[in-house]
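Okay, so here's the structure we're looking at.
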Amino acid sequence: MSTVAVEDRSAPAAPAPVRWTAVELLPPLLLVAFGVVLLLPGHGLWFDELFTAEVARLPLSEILGAIGSGRGTTSYLENVPPAYNSPYYVVAHAWMALPGLGGDTALRMFSLLATAGGLALVTRAVARLAGRATGVLAGVLLACSPLLLEQSVEARSYGLAVLATGGAVLGLVRWLQEPPRGLLLLGLAGAGMGLAHWYALTVLAAFVTAAVLLRGRRALPVVVGGFLGTLPALAFVALAALNGTGGRNAEHLNDTDGRLVGLAIEAWAGGRTPMLWAVVVLAVVGAARGAGVRVLATCWVVVPLLLLVAAELVRPVFLPRYLLAALLGLAVLAAAGAMALPRPTRVPAAAVLIGCCLLAAAPLAERGPRERADDAVALLAERHRSGEPVVAADQRSALGLDHYVRVLAPQLRPDVVLPPDDAPADADRVWLVRRVIDGEPVPTDDDAILADAGLEVVQEFALEGSKTQLVVQLWTR
């Protein structure tokens, strides 16, 4: 099959672009509405988000120094420096510097607004290629996706990754339709993808692959632009390797034993079987028959997953949220598949897709806190007496205690003891905040110090979260 034949069926050389209409705002508005519902309970930040909040509030010179040197920004996080996606902390710093935006909720709203912007761009890009109905349906499916919803309301870099991915795909679509328009947007947004999260470089590779399949030799400018777009992120990866932080998160990556593709799709569907089958079946239809967008959307999903499957032969690479940018293409494929069905069945198919997505995402509205360091500090503020040491026994406890004492109970600050300092042996009452794993507090040096000083645990307050289990202990003689 010639390049021109593929071109004619999937992406006309000079189409009349679909005019922008207000209905294309439905997906981002829907995402913002869902995101506000998830944020309303006001749960405290958990470790990764706390790291963002504490790093981003530092002077810019300290952030850049920590990035360059590979050192941590506090004594208790000396071995946890800003690493691969460190540009995000610089952007978050700029956001927090704006008047009224220095709080925890503002950081989460930044992620939500960035994600909403990305959905608007994806919706626009798909509408230009495959028609407004397909574009809006793809955007709505994205707005209802459990994985994307969960990450859109957390103070981490995934919102920026989605925004940059939306910009890159819109740039590619503009280039396909009206070259050389869109090439600069593709290159700049592609660089932003990798800087937000370097796994997103696999999606940039997918966009370049789609351009080559659709335009053959004429895609050389996209190949060059895509290559240049990878360089900033690769530079940060190289910097991380040079300063010794390259393998810092390796312990969180999982070996899937060859099941990476299935686990990735399951994560996208929130583990819900109806959504899983609906998305997979219609994505296959979209890859085979989706008008206008099938080559691009298929590459968007297949190329990143193939690259990661190949990488898994060398080392574990799987963590569901790391694949977020790649899995956006699933919604595009499924939407294209629904719109490729016979006309009488399109609306029912779209309704089934949206219903399954909403069903899968519904449990997020009732999710509890991931970590309750804020509740720990509130408890201490109520029960602590001046002069009683408040000791953080580990990194996670220290970060949460440090942050929320600053935010909620600054009167506790003179009595807070953070690692590497140990609990004092000369106090009669000591409050110990520590992490619990498998139902047992993680052992620390503080246990022996306090026990040898004649203190014992007289009260415990369990603070359970879906990510981190904390306990506040009162030790007395």
Practice task
With side-chain contact (heavy atoms from CB on, under 4.5 Å) as the test, would you mind laying out the steps for W268 and L276 before giving the verdict?
Solution key: CA-CA 8 Å; W268 177 252; L276 182 65; over 6 Å; no
Practice task
Walk me through it: do V203 and M193 pass the test side-chain contact (heavy atoms from CB on, under 4.5 Å)?
Solution key: CA-CA 9 Å; V203 181; M193 291 166 65; 3.6 Å; yes
Problem - Audit row: T21, R132, side-chain hydrogen bond (donor to acceptor under 3.5 Å, both in side chains) steps and yes/no - result: CA-CA 9 Å; T21 62; R132 185 176 298 116; 3.1 Å; yes
Problem - Worked verdict on F51 versus V80 for side-chain contact (heavy atoms from CB on, under 4.5 Å) - result: CA-CA 9 Å; F51 188 82; V80 188; 3.9 Å; yes
Handout entry: Residue pair T165, F207: steps toward the side-chain contact (heavy atoms from CB on, under 4.5 Å) verdict
Key = CA-CA 10 Å; T165 302; F207 293 163; 4.2 Å; yes
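By the 30° and 60° cut-offs, the orientation of the rings of H197 relative to Y322 is tilted.
The CG atom of L176 sits 13.0 Å away from atom CZ of R181, with the distance rounded to the nearest 0.5 Å. Note: D374 CG to L45 CG = 8.0 Å, rounded to the nearest 0.5 Å. Atom CD1 in I67 sits 8.5 Å away from atom CG in L239 (nearest 0.5 Å). Between the CE atom in M96 and the CG atom in D104 there is a gap of 7.5 Å [rounded to 0.5 Å]. To the nearest 0.5 Å, the span separating CG on L401 from OH on Y76 amounts to 8.5 Å.
Here E178 pairs with R128 in a salt bridge; the nearest charged N to carboxylate O distance falls below 4.0 Å. In summary, K467 and E371 do not engage in a salt bridge, as defined by a charged side-chain N under 4.0 Å from a carboxylate O. Salt-bridge check for E54 with R57: passed, with a basic side-chain N closer than 4.0 Å to an acidic carboxylate O. Salt-bridge formation is detected for the pair R321/D48: a Lys NZ or Arg NE/NH1/NH2 atom is positioned less than 4.0 Å from an Asp or Glu carboxylate oxygen. Under the 4.0 Å criterion applied to side-chain N and carboxylate O atoms, R108 and E49 are assigned as salt-bridge partners.
For the side-chain hydrogen bond (donor to acceptor under 3.5 Å, both in side chains) test, residues two or more places apart in sequence or in another chain that qualify with S397 are D394. With sequence neighbours excluded, no residue forms a salt bridge (Lys or Arg N to Asp or Glu O under 4.0 Å) with D255. Among residues two or more places apart in sequence or in another chain, the salt bridge (Lys or Arg N to Asp or Glu O under 4.0 Å) test is passed with R174 by none.
The main-chain N or O of P82 is never found under 3.5 Å from a side-chain atom of S86 such that the two would form a donor-acceptor pair. A donor-acceptor distance shorter than 3.5 angstrom exists from the side chain of Y199 to the backbone of V317, with no hydrogens or angles considered. Using a distance-only test at 3.5 Å, with no hydrogens or angles considered, no donor-acceptor pair links the side chain of E78 to the main chain of T74.
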Residues 32-42 side chain polar contacts: donor-acceptor under 3.5 Å, at least two apart:
none

Under 3.5 Å, which donor-acceptor pairs do the side chains of residues 297-308 form with other protein atoms, sequence neighbours left out?
| from | atom 1 | to | atom 2 | distance (Å) |
| --- | --- | --- | --- | --- |
| T298 | OG1 | R294 | O | 2.6 |
| W300 | NE1 | A325 | O | 3.0 |

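The only option from L328, V332, L327 that meets the side-chain contact (heavy atoms from CB on, under 4.5 Å) definition with L330 turns out to be L327.
Within a 6.0 Å sphere centred on CD of E62, other residues, nucleotides and ligands contribute more than 12 heavy atoms.
Residues L31 and S152 form a side-chain contact, since some pair of their non-hydrogen atoms from C-beta on lies under 4.5 Å apart. Taking the side chain as every heavy atom from C-beta outward, I63 and H93 approach each other to under 4.5 Å. Taking 4.5 Å as the limit, some side-chain heavy atom of Q177 sits within range of a side-chain heavy atom of L129. Side-chain contact between L195 and L160 is absent, with no heavy atoms from C-beta onward closer than 4.5 Å. With a 4.5 Å cut-off on side-chain heavy atoms, T230 and W198 do not count as touching.
Sorted by first and then second residue, the side chain to side chain donor-acceptor pair (under 3.5 Å) pairs involving residues 326-349 (not counting sequence neighbours) form an empty list.
When only modelled atom types and interatomic distance are considered, S111 and R156 share no side-chain donor-acceptor pair under 3.5 Å.
L148 and L142 make their closest contact through CD2-O, 3.4 Å (heavy atoms, listed as atom of the first residue, atom of the second, distance).
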